[in-house]
Student: 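Sharing a structure, written as structure tokens. Questions coming.
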Amino acid sequence: MFGSSLTFEESRKGYVEEIRNPYELPDGEKSFENFIGDKNNRFNSPKQAAKNRRTPPSKTLHFYNVPKMDDDSLMDIFTEMHAPFPTTVTWFESKSAKTFTGLVEFDTREEACEALVIANNTEIESEDSNEKRPYIMKLCFSRTY
């Protein structure tokens with residue numbers, strides 16, 4: 001990903017310890033941040049964590065929690081975030097008139113990984129003037145393809 005190789009291993013520790021004195025990274029960000037209370041943390045409780053499905057990386061991402069828009073508008077989100085550009089968009093039938101879901105496909109698995117890292121949890125303003133809060137687009141690997 002991003003021209004480098006990633007390796008993941010299970011930790012021997014049961015939790016992540018807070019770092020007392022995080023240092024500043026070259027881009028000005030802190031080297032450590034605690035996301036325990038973050039609304040986007042899907043592991044805050046055993047019940048939430050049980051809903052997560054481990055899926056190997058693929059070139060197809062499932063997106064959800066987006067407002068109704070055309071394909072070009074959805075693809076523009078990736079362009080605006082400087083993420084790889086999807087080659088196709090597939091929309092699913094929606095059970096709700098408020099949020100929509102579907103699939104975006106990329107040329108390679110690496111592009112899909114980079115797009116997920118860059119564009120996951122992107123805020124999307126609704127074109128509906130009655131909608132007061134932004135949507136938070138969620139991305140995950142799809143088992144569909």
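Not measured: the values here are computed from a predicted model. The residues of the chain are indexed from 1 along the displayed sequence.
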Student: Taking atom OG1 of Thr79 and atom CZ of Phe85, what is their separation to the nearest 0.5 Å?
Tutor: 5.0 Å
Student: Measuring only between side-chain heavy atoms, which start at C-beta, is Met81 closer than 4.5 Å to Thr122?
Tutor: yes
Student: Are the side chain of Thr101 and the backbone of Phe92 linked by a donor-acceptor contact shorter than 3.5 Å?
Tutor: no
Student: What salt bridge (charged side-chain N to carboxylate O under 4.0 Å, His left out) pairs are there with at least one residue in residues 55-64, not counting sequence neighbours?
Tutor: Lys59-Glu105
Student: Determine which pairs satisfy side chain to side chain donor-acceptor pair (under 3.5 Å) with at least one residue from residues 63-78, sequence neighbours left out, and list them in order.
Tutor: Asp70-Ser73, Asp71-Trp91
Student: Please name all residues satisfying side-chain hydrogen bond (donor to acceptor under 3.5 Å, both in side chains) with Lys47, sequence neighbours left out, ordered by chain then number.
Tutor: none
Student: Between Phe106 and Cys113, is there a side-chain heavy-atom distance shorter than 4.5 Å?
Tutor: no
Student: So Pro67 and Thr99, do their side chains get closer than 4.5 Å, heavy atoms only?
Tutor: no
Student: Under a single-linkage definition using a 4.5 Å side-chain heavy-atom cutoff for Ile, Leu, Val, Met, Phe, Trp and Tyr, are Ile124 and Leu116 assigned to the same hydrophobic cluster?
Tutor: yes
Student: Once ring-ring contact (aromatic ring centres under 6.0 Å, His included) is applied, do any residues pair with Phe100, and if so which ones, sequence neighbours excluded?
Tutor: none
Student: Let me check something: any side-chain donor-acceptor pairs from residues 24-33 under 3.5 Å, sequence neighbours excluded? List them with distances.
Tutor:
residue, atom, partner, partner atom, Å
Asp27, OD1, Glu29, N, 3.0
Ser31, OG, Tyr23, N, 2.9
Ser31, OG, Tyr23, O, 3.2

Student: Same cluster or not: are Ile136 and Leu139 linked, directly or through other Ile, Leu, Val, Met, Phe, Trp or Tyr residues, by side-chain heavy atoms under 4.5 angstrom apart?
Tutor: no
Student: Could you point out which residue of Thr55, Leu103, Thr90 forms a side chain to side chain contact (heavy atoms under 4.5 Å, CB included) with Ser142?
Tutor: Leu103
Student: Drop me the distance from Ile118's CD1 to Phe2's CZ, to the nearest 0.5 angstrom.
Tutor: 4.0 Å
Student: So, for Pro134 and Glu123, which heavy atoms are closest and what is the spacing to 0.1 Å?
Tutor: CG-OE1, 3.6 Å
Student: Using the rule that Ile, Leu, Val, Met, Phe, Trp and Tyr join whenever any side-chain heavy atoms are under 4.5 Å apart, tell me whether Tyr135 and Met69 fall into a single cluster.
Tutor: yes
Student: Hey, does Val104 have a side-chain heavy atom less than 4.5 Å from the side chain of Thr60?
Tutor: no
Student: By side-chain hydrogen bond (donor to acceptor under 3.5 Å, both in side chains), which residues pair with Lys138, not counting sequence neighbours?
Tutor: Asn40, Asn121
Student: Please step through side-chain contact (heavy atoms from CB on, under 4.5 Å) for the pair Ile77 and Met137, ending with a clear verdict.
Tutor: CA-CA 10 Å; Ile77 293 168; Met137 179 173 70; 4.0 Å; yes
